[in-house]
Each structure stands twice: as structure tokens, then as C-alpha cells.
Amino acid sequence: MEQQQRLLHFCDSKHPLVYRPNYIGGDICRGCQESVNGPTYRCIKGGCPFYYHHKLCAELPLGLHHPLHPLHPLILFDEKTHYPEEKEISRCQLCKKSRREYTYRCYRCNFNLHIKCLGLQHEVEFHDHPDQMEQQQQLLHFCDSNHPLVYLPDYRGGATCCGCQESIYGPTYLCPNFECNSSYKHHKSCAEKENSRCQVFELHDHPLTPCWKRITFTCDICGKEDKGRPYLCATCCFFIHRGCASFPRRLKVVRHKHPLHTTHSSFELRESDSRFCLLCVQKVDTRYGLYYCSKCDFVAHLNCAIDERNRVYINLLELKDGENEDEELDQSVESAAAYKVKKIKMGEDGTEIATEIEHFSHEHDLKLTDEEVHNNDKCDGCVRAIFPPFYSCANCSFFLHKSCANLLMKKKHWLHQHPLTLQKRQTQCDACGQFCNGFVYNCESCWFKLDVQCSLVPEILTHEGHKHQLILSYTSFEQSCSSCGDKRNLVFRCTTCEFALDFKCATLPQTTRYKQHEHPFTLSYTAEDDSGEYYCDICEEERNPNHWFYYCVDCTYPAHPKCILGRYPNEK
């Protein structure tokens with residue numbers, strides 16, 4: 001007999017599965033939850049939860065790329081192993097069902113596909129009734145007649161069209177064949193052009209022709225010197241990397257209301273002593289390519305604008321010059337209040353005041369009070385010291401600033417492209433990196449989270465700790481915060497000097513209390529004296545004189561912010 005074929009399964013490497021080429025038993029496959037007959041893998045140890053698998057289910061790849069979610073890889077996942085039975089089961093974006101079978105998951109976007117749904121290319125997440133869909137529309141493209149393109153009426157993956165190089169949003173043709181590496185996609189209008197190629201990328205007034213000889217050149221788009229085969233304009237001596245020709249002509253970024261367009265001429269820009277990319281707040285060399293909004297004089301590096309953290313994937317093909325280009329995204333999100341009014345009274349100015357409310361975050365009714373607080377109680381929304389006016393629960397130690405109670409259930413934020421929903425949960429804020437158990441604004445599409453304090457910080461910040469305005473900088477490299485020395489990708493930068501401030505320090509309370517200390521502490525930005533010796537009176541360790549600290553003037557009592565506020569300042 002041949003040696004038994006064995007397989008180590010991804011859920012349990014301790015129990016090798018043994019291959020049986022013709023098993024007939026009718027047991028249930030752990031992967032797809034269907035009955036097992038024919039080629040089968042089974043565990044020889046009795047009682048093993050991974051006892052039977054179809055051959056195909058057992059040999060599934062641990063990861064793959066799928067045309068319906070092209071941005072990130074999908075990882076094989078088992079609900080029964082990773083989640084207890086009482087937990088919510090993941091919902092498949094194709095079949096709309098929640099079943100405990102093997103699932104391919106994108107952990108960044110919470111995108112799920114059951115293994116039995118991998119072949120259902122036309123049933124995508126945004127169709128409410130896949131059983132009522134029309135028959136798939138297919139198209140043979142002139143570039144490749146071997147791979148028919150499948151039509152999706154409302155694609156939202158944000159990939160780039162192979163024809164016009166614009167981002168794809170809406171009616172789309174894509175190739176479902178995995179040999180295309182999930183990259184063969186077209187706008188409907190580009191794919192249906194007859195007997196001609198899609199509109200090509202244009203950055204120059206004259207035709208660009210490929211150079212078939214390797215030469216040393218400086219790319220007039222990215223500004224980098226290289227040796228290779230560029231595109232060139234013999235009339236103007238204009239050179240461009242072939243890769244740089246793939247930059248979209250227009251795109252939308254989260255932090256600007258108008259679409260940006262590419263330009264490589266400094267003559268288009270308004271005169272200025274120096275130009276800064278308003279996404280990373282680093283200098284821009286206007287001799288080379290950049291993204292620009294002529295309406296607002298907004299400048300951005302090419303790579304900053306196409307970064308997935310900054311870019312908004314919408315269909316820009318239908319927008320025309322002079323129209324309200326940002327109408328769809330500029331509208332405020334209509335949102336119900338986070339509470340129901342139970343009792344009201346009339347204020348002195350004739351306005352109605354909600355004196356008792358039922359808030360989504362608490363099981364009991366909350367009553368409004370204007371009384372002073374003489375302890376260290378915190379608001380359960382923003383997790384900061386409570387002060388009047390606030391709502392409180394007579395049965396629990398639950399407090400809510402009136403301003404926190406009035407937060408909308410949904411809002412749009414300049415840091416993120418999707419609407420955010422208000423929740424009360426324990427999580428980590430993506431802006432400041434701190435854990436909190438109060439209110440957070442959460443993106444249900446891709447798990448982006450903002451605590452209350454960070455959600456209120458403006459994009460252009462004026463702070464008492466610095467004399468110049470600070471602009472949000474989002475970079476691929478980490479930058480040091482001038483207030484604490486920590487390094488983050490997301491900081492507020494000054495264009496006049498080298499000052500930077502992270503969200504954690506930007507949201508420090510100006511005054512706070514410490515345990516039973518009788519006086520409040522004030523946030524201080526410069527050393528308290530010129531002694532040259534600076535220590536924290538709580539931990540008794542040395543302080544950096546250039547870093548911010550809390551100070552009690554009455555007691556000449558300095559302390560680190562982390563010593564005053566604690567390790568988890570945003571947890572109650």
C-alpha cells in the first residue's frame with residue numbers, strides 16, 4: 001500500500017488529517033458544513049472537532065486576493081475556532097447569511113466571504129436581493145478576448161481603471177479570473193468604447209512617446225533621477241517614468257472639498273515664498289508633478305494624495321467644471337439625536353430645556369443638574385472631569401456632560417472618508433493611540449475609531465502651547481512630538497518652525513486635579529525656572545525641560561502628564 005497522505009490543518013496542527021480518496025459516510029464537512037462523500041481528509045483521533053473535510057475544503061489556501069475586494073488580501077478564518085458559540089457570526093457580503101463555515105476575511109475592512117460563495121462573482125455586498133438579480137452581463141474586451149469581463153452595476157472597491165487610470169466607483173466591468181491578479185477592471189464607459197483604447201493619461205501638451213533605449217534621466221513628474229526607458233517629449237525635452245504615467249489625472253482626498261488635478265508646471269500655482277503639501281505638511285518642489293486645486297490654492301504631493309489613508313474613492317468621471325463637485329461629500333450627515341426627551345422645561349429666554357432624557361448609552365433615565373461637583377467623577381462620554389451642566393443617573397455613578405449627551409449619532413470627519421457612528425465601547429483611538437471606554441465614533445466599514453476628544457480637534461489647530469498655527473500632517477514615517485517626544489505618523493505640524501504636536505498632547509486638559517491634592521494643576525509649556533534641574537514630584541524622576549508638564553503654582557509642584565493623568569487617562 002502507498003504511504004498515507006497527510007495534511008496539517010490551519011485550525012489544529014496537532015492532529016494531522018489522513019486522506020481517503022473514496023470516503024462514503026455522509027458526515028458533515030467542518031469547512032463547508034455539507035455532507036462528505038468522495039475524496040476526504042479525516043482525523044484519526046476520535047472526538048476531534050476537525051474530524052471530516054472535503055478534499056477541496058481541507059486544501060484551501062490560507063490567503064487569497066478576490067476581485068470583489070481588491071485592496072487587501074483575504075485570510076482563511078474559522079468562526080467556531082476563533083469565536084465562542086454565543087458570539088455574533090460574521091455576515092457574508094455575497095450570500096447575506098451568517099453561517100458557521102470557513103470564511104475568507106479582510107481584517108482591515110471586516111469584509112467576509114464564505115468559501116462556498118467564492119464563485120458567485122455577481123452577488124456583491126451592496127445588492128439587497130441577490131436572488132432577484134438579472135443574469136450577469138459580460139463583455140469581451142478588445143485587449144483580451146480570452147477573459148470576458150463581468151458587469152457590476154455598483155462597484156465600490158476603489159481600484160484604478162486600466163483604461164483611463166481614474167479611480168473606479170459605480171458601474172464597472174472586471175475580470176473574475178484570478179490569473180489577472182484582481183487588477184483587470186474598467187469603468188463601464190471605458191470598457192464599452194468601440195474599437196479604441198480608453199482615454200490615456202495626459203500630463204503634457206505634446207504627445208509622449210516611449211524611449212526604447214536605457215538612458216539616465218530626471219523624471220519631470222516625481223523629480224527622481226533614474227536610469228531606464230522613460231516616456232519623452234522631444235519638443236520640450238520632457239521625461240517621465242512609465243510608472244508615473246499611471247497617476248490619476250483627478251482624484252478626491254478626505255481633507256479637501258474639491259477634486260485635485262495633476263500639474264507639473266509651477267506657472268499654474270499662485271506665487272508664494274514656499275509651498276507645503278497640505279496632507280503631510282512637508283515642502284513641495286513645484287518644478288515637478290503635484291496635485292493641485294486651483295480654486296483653493298491647495299497643494300499635495302503625488303504620493304500623499306494617492307495614499308489610501310487620504311484618498312476618497314468616488315466616481316469623478318461624471319463631474320464637470322463649474323459644477324458643485326463636492327456636493328455629495330460636503331453635505332452633512334442627517335442624524336438623529338442620541339437620546340429621547342422624557343421631560344422638558346422652559347428656559348428664561350423661552351427655549352425648551354430637556355431636564356430628563358433616555359440616552360442610548362445607559363439603561364436608566366438621566367436627569368439634568370447644575371450643581372457643582374466636589375469629587376473626581378468623570379463623564380462617561382468624554383471621560384473628562386465632570387462639570388455642570390450634566391446629566392446623571394440616580395441609580396448609578398453615571399455622568400454625562402450636556403454637550404456629550406448632545407453628540408449626534410452619525411457624523412462625517414475630515415480624517416476619514418466614511419460616515420462615523422457614535423458608540424460606547426472600550427477600544428483604542430486611531431488618532432491618539434490611547435485606550436478609552438467612553439464614547440467613540442466608529443466606522444462600521446473599516447473599523448476606524450475616534451474618541452470624543454480627538455473627534456473635536458480641528459484640522460488647523462491653534463494651541464496655547466505654540467504661537468503659530470498647526471496643520472495636520474499624515475506621513476508614512478513617524479514624526480516626534482515636541483511636547484512629549486513620542487513618535488507618531490499623525491501629528492500637527494508648524495510650517496514656520498520644526499514644532500510638531502500629536503493628538504495625545506493636543507487633547508491634554510488645560511487644568512486637572514490629582515487625587516486628594518487640594519489645588520488644581522495647570523498644563524505648562526516652558527520650564528518653571530532656570531535652575532537646570534527638573535524633576536517630577538510624583539515619580540521623582542527627571543523631566544525633560546522642553547516637554548510639557550502639569551504644575552501647581554500654589555505648591556510649586558511639577559509632574560509628568562502621565563503621572564497626573566494615569567496610564568489610561570481616557571478610561572473611567
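- Salt bridge status for R287 with D285: present, with a side-chain N to carboxylate O gap under 4.0 Å.
- The NE2 atom of H560 sits 12.5 Å away from the CG atom of L565 when rounded to the nearest 0.5 Å.
- Applying the side chain to side chain contact (heavy atoms under 4.5 Å, CB included) test to L278 and every residue at least two apart in sequence or in another chain returns F298, I471.
- Contact detail for L523 and P509: the closest heavy-atom pair is CB-O, 4.0 Å.
- Residue pairs meeting the salt bridge (charged side-chain N to carboxylate O under 4.0 Å, His left out) criterion with at least one member in residues 508-535, sequence neighbours excluded: E528-R543.
- Counting heavy atoms from C-beta on, the side chains of F247 and N303 come closer than 4.5 Å.
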Let me check something: any side-chain donor-acceptor pairs from residues 379-392 under 3.5 Å, sequence neighbours excluded? List them with distances.
residue	atom	partner	partner atom	Å
D380	OD1	F399	N	3.0
D380	OD1	K572	NZ	2.5
D380	OD2	K572	NZ	3.4
R384	NH1	T507	O	3.1
R384	NH2	T507	O	2.5
Y391	OH	A354	O	2.7

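- You'll find the side chain of P419 stays beyond 4.5 Å of the side chain of K411, heavy atoms only.
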Would H241 and F217 count as a ring pair (Phe, Tyr, Trp, His ring centres under 6.0 Å) if you check the C-alpha gap in whole Å, the side-chain angles of each, and the deciding distance to 0.1 Å?
CA-CA 9 Å; H241 282 118; F217 69 100; 5.1 Å; yes
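- E444 pairs by the side chain to side chain contact (heavy atoms under 4.5 Å, CB included) definition with T421, Q423, N442, not counting sequence neighbours.
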Contacts under 3.5 angstrom, residues 448-456 side chains, donor-acceptor by atom type, not counting sequence neighbours:
residue	atom	partner	partner atom	Å
K449	NZ	W447	O	2.7
D451	OD1	Q453	N	3.3
D451	OD1	C454	N	2.8
S455	OG	V452	O	2.7

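- Of all heavy-atom pairs spanning A300 and C277, the tightest one is CA-SG, 3.6 Å.
- Ring geometry for H519 against H517 counts as perpendicular: the plane angle is over 60°, on a 0 to 90° scale with 30° as the lower cut.
- Residues L501 and V491 form no side-chain contact, since every pair of their non-hydrogen atoms from C-beta on lies 4.5 Å or further apart.
- The environment of K424 atom NZ is dense: over 12 non-hydrogen atoms of other residues, nucleotides or ligands sit within 6.0 angstrom.
- Ring geometry, W414 versus F492: the interplanar angle exceeds 60°, so the pair is classed perpendicular (tilted spans 30 to 60°).
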For salt bridge (charged side-chain N to carboxylate O under 4.0 Å, His left out), just list the numbers for D307 and R309, CA-CA rounded to whole Å, side-chain angles, deciding distance to a tenth of an Å, and then say yes or no.
CA-CA 5 Å; D307 192 308; R309 300 169 300 179; 2.9 Å; yes
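- Between E464 and Y525, some side-chain heavy-atom pair lies under the 4.5 Å cut-off.
- Using a cut-off of 4.0 Å between Lys/Arg side-chain N and Asp/Glu carboxylate O, R275 and D297 are scored as salt-bridged.
- Rounding to the nearest 0.5 Å places OH of Y557 at 12.5 Å from OH of Y551.
- The salt bridge (Lys or Arg N to Asp or Glu O under 4.0 Å) check on R488 picks up nothing, with sequence neighbours excluded.
- Residue L368 forms a side-chain contact (heavy atoms from CB on, under 4.5 Å) with just one option from I357, L400, I353, and that option is I353.
- Contact of the Q510 side chain with the T522 side chain is not registered, since no non-hydrogen atoms from C-beta on lie closer than 4.5 Å.
- A 4.5 Å side-chain heavy-atom check between I221 and F239 finds every atom pair outside the cut-off.
- The shortest side-chain heavy-atom distance between L366 and C393 falls under the 4.5 Å cut-off.
- Contact annotation: the side chain of Y514 never approaches that of Y550 to less than 4.5 Å [non-hydrogen atoms, C-beta and beyond].
- Of the candidates H413, H256, R255, R255 is the only one forming a side-chain hydrogen bond (donor to acceptor under 3.5 Å, both in side chains) with E459.
- The shortest heavy-atom contact between R311 and A305 is CB-O, 3.5 Å.
- The heavy-atom pair separating C481 from D502 by the smallest distance is SG-N, 3.4 Å.
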